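Indexing begins at 1, ligand by ligand and atom by atom, following the structure's order. From a predicted model like this one, the values you see are computed outputs, not experimental measurements. Throughout, residue positions are numbered sequentially from 1 according to the sequence presented.
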Amino acid sequence: MNILVTGSNGQLGSEIKDVAASYKSFRFFFMDLPALDICNSSELDIFIAKNKIDTVINCAAYTAVDAAEENAVIAEQVNGAGVLNLVHALAKVKGKLIHISTDYVFDGNGFLPYQESDKTNPMGVYGKTKRNGELAVINGDIDGIVIRTSWLYSAYGTNFVKTMRRLGKERNKLDVIYDQLGTPTNASDLAKTCLDILAFSKETNINAKGNIYHYSNEGVASWYDFAKAIMELGKIDCEVIPIETKDYPTAAKRPHFSVLNKAKIKNDFEIEIPYWRASLAQCISKLNQE
Ligand SMILES: NC(=O)c1ccc[n+]([C@@H]2O[C@H](COP(=O)([O-])OP(=O)(O)OC[C@H]3O[C@@H](n4cnc5c(N)ncnc54)[C@H](OP(=O)(O)O)[C@@H]3O)[C@@H](O)[C@H]2O)c1
């Protein structure tokens with residue numbers, strides 16, 4: 001299998017690089033801007049043909065949730081049109097696609113973990129453009145799946161864990177929202193899951209074409225719980241104070257509840273998912289070694 005990982009310098013792409021060596025039967029091509037832009041369809045076609053790519057894991061995305069409210073055109077170019085370019089390019093070579101999407105396609109008004117078939121209703125530009133990317137994959141004539149994930153963090157890039165650690169070392173107290181519930185996801189676990197799915201599908205010939213799957217770590221947390229765990233596990237002496245969403249206004253509205261039901265991915269691909277605190281501890285121990 002010749003696997004192109006797009007957006008490979010981001011959190012998820014970097015974690016795939018870290019685990020790639022364990023998947024000996026795969027040959028990887030890690031590409032990001034400016035060398036390979038998913039918005040440039042001819043560049044994509046040429047790269048895929050030249051390197052005989054048969055599979056793409058699309059980690060490329062416009063992920064600045066608040067900035068997207070002001071930059072809707074560029075967010076749509078990457079998260080919507082860029083994904084359609086990948087679908088068209090892969091259709092020409094009968095290739096496979098794993099595309100990553102988000103819990104922000106939901107409005108968060110539910111109170112039970114979201115299933116893949118639940119109605120989407122994104123509240124902001126980022127979520128709307130990511131939903132357009134999902135539609136490009138599920139309506140495309142390719143062997144493609146969408147994996148929705150939530151609250152992604154990693155030892156790489158900028159994310160909640162790294163921001164809390166930095167602020168926690170600078171300040172005695174931190175206000176963090178307690179009325180938004182979801183599940184943190186260690187990008188390292190998602191990276192392994194993407195590659196395990198490809199290996200499993202190859203072995204079993206399972207046809208998941210056009211399916212959506214949910215993946216996060218196990219359990220439920222508020223951002224407050226998440227921040228408390230980051231301080232405790234990192235042994236950072238900073239008091240975390242619970243506040244309400246209304247006291248921390250942001251440009252984009254976020255779902256109050258975006259816990260994902262992961263039964264389908266566990267059943268179809270025999271995936272085991274770690275508890276969010278255990279995975280967080282692993283990331284923090286990696287960060288502590290730096
Ligand atoms: N982060 C989260 O909390 C979260 C939550 C749920 C779902 N997700 C989804 O998970 C996936 C991975 O997220 P992540 O956190 O790893 O994202 P990330 O760290 O922001 O990485 C995205 C990468 O894509 C690159 N990129 C942007 N536009 C591109 C283009 N036109 N062509 C090629 N590459 C491009 C970015 O480059 P630049 O940095 O130069 O722009 C960056 O290296 C995304 O689909 C995201 O929507 C993320």
Next item on the list: Determine whether any heavy atom of Tyr153 lies closer than 4.0 Å to an atom of ligand 1.
Entry: no
Note to self: Quick check: closest heavy atoms across Ser8 and Lys17, and the distance to 0.1 Å?
What the structure shows: O-NZ, 3.1 Å
Margin query: Exactly one of Asp103, Asp179, Asp66 should register a salt bridge (Lys or Arg N to Asp or Glu O under 4.0 Å) with Arg254. Which one does?
Written below: Asp66
Check: Closest approach of Arg165 and Gly234, non-hydrogen atoms and distance?
Finding: NH1-CA, 4.1 Å
Next item on the list: Locate the shortest heavy-atom distance separating Val87 from Ile142; write the atom from each residue and the value.
Entry: O-CG2, 3.5 Å
Check: If you take all heavy atoms of Ala136 and Val83, which pair is closest and at what distance?
Finding: CB-CG1, 4.3 Å
Notebook entry, point to check: Going by the order shown, which atoms of ligand 1 are within less than 4.0 Å of some heavy atom of Ile100?
Noted result: 9 (C), 10 (O), 11 (C), 45 (O)
Margin query: Closer than 4.0 Å to some heavy atom of Asn9 - which atoms of ligand 1 meet that?
Written below: 43 (O)
Checklist line | Residue and atom name of the nearest protein heavy atom (relative to atom 21 (O) of ligand 1), distance in Å to one decimal | finding: Gly10 CA, 3.2 Å
Next item on the list: Could you tell me whether Lys130 approaches ligand 1 through its side chain, its backbone, both or neither, with non-hydrogen atoms closer than 4.0 Å?
Entry: side chain
Checklist line | Short N-O contact, Lys209 and Asp143, less than 4.0 angstrom | finding: no
Margin query: For atom 27 (C) of ligand 1, what's the nearest protein heavy-atom neighbour? Residue, atom name and distance, please.
Written below: Ala61 O, 3.4 Å
Next item on the list: Could you tell me whether ligand 1 has any atom less than 4.0 Å away from a heavy atom of Ser101?
Entry: yes
Margin query: Going by side chain to side chain donor-acceptor pair (under 3.5 Å), name the pairs with one or both residues in residues 28-42, residues two or more places apart or in two chains.
Written below: Asn40-Ser42, Asn40-Glu43
Check: Any heavy atom of Asn159 sitting closer than 4.0 Å to ligand 1?
Finding: no
Checklist line | Protein residue, atom and distance nearest to atom 33 (C) of ligand 1, heavy-atom basis | finding: Leu36 O, 3.4 Å
Note to self: For Tyr275, is the OH atom crowded, meaning more than 12 foreign heavy atoms sit under 6.0 Å from it?
What the structure shows: yes
Check: Do Trp151 and ligand 1 have an N or O pair less than 3.5 Å apart?
Finding: no
Notebook entry, point to check: Mind checking whether Cys59 has a heavy atom under 4.0 Å from ligand 1?
Noted result: yes
Notebook entry, point to check: Is Glu232 salt-bridged to Arg277, going by a charged N under 4.0 Å from an acidic O?
Noted result: yes
Margin query: Checking a contact table here: which protein heavy atom is nearest atom 37 (O) of ligand 1, and how many Å away?
Written below: Asp32 OD1, 3.5 Å
Checklist line | Closest contact, heavy atoms only, Val161 versus Ile230 | finding: CA-CD1, 3.7 Å
Next item on the list: Using distance alone, determine whether Tyr126 and ligand 1 share an N or O pair under 3.5 Å.
Entry: yes
Checklist line | Protein non-hydrogen atom below 4.0 angstrom of atom 1 (N) of ligand 1 present | finding: yes
Next item on the list: Give the numbers and elements of all ligand 1 atoms closer than 4.0 Å to a heavy atom of Ile38.
Entry: 30 (C), 31 (N), 32 (N), 33 (C)
Margin query: Out of Cys39, Pro34, Ala60, who is nearest to atom 24 (O) of ligand 1 when you count heavy atoms only?
Written below: Ala60
Check: Short N/O distance, under 3.5 Å, between Val78 and ligand 1?
Finding: no
Check: To the nearest 0.1 Å, how far is atom 16 (O) of ligand 1 from its closest protein heavy atom, and which atom is that?
Finding: Leu12 N, 2.9 Å
Notebook entry, point to check: Below 3.5 angstrom, do we get any N/O pair linking Thr149 and ligand 1?
Noted result: no
Check: Apart from Leu112 itself, what residues make up its hydrophobic cluster when side-chain heavy atoms of I, L, V, M, F, W and Y under 4.5 Å apart count as a link, directly or indirectly?
Finding: Phe111
Check: Do Phe29 and Ile53 come within less than 4.5 Å of each other through their side chains, counting heavy atoms only?
Finding: yes
Check: Does an N or O from Asn58, backbone or side chain, lie closer than 3.5 Å to an N or O of ligand 1?
Finding: no
Notebook entry, point to check: Which part of Tyr215 is near ligand 1, with near meaning a heavy atom under 4.0 Å away: side chain, backbone, both or neither?
Noted result: neither
Notebook entry, point to check: How close do Asp107 and Asn121 get, heavy atom to heavy atom, and via which atoms?
Noted result: OD2-ND2, 3.1 Å
Next item on the list: Starting from atom 23 (C) of ligand 1, find the nearest protein heavy-atom neighbour and note its residue, name and distance.
Entry: Gly7 O, 3.6 Å
Item checked: Expected output: side-chain Tyr153 to main-chain Leu280 donor-acceptor under 3.5 Å -> yes
Note to self: Is atom 43 (O) of ligand 1 near the protein, in the sense that some protein heavy atom lies at less than 4.0 Å from it?
What the structure shows: yes
Checklist line | Nearest neighbour in protein (non-hydrogen) for atom 38 (P) of ligand 1 | finding: Leu33 CD1, 4.5 Å
Item checked: Side chains of Pro274 and Glu218 in contact at under 4.5 Å (non-hydrogen atoms) -> no
Next item on the list: Work out whether the distance between some heavy atom of Asp37 and some atom of ligand 1 is less than 4.0 Å.
Entry: yes
Checklist line | Protein heavy-atom partner closest to atom 13 (O) of ligand 1 - residue, atom, separation in Å | finding: Leu152 CD2, 3.8 Å
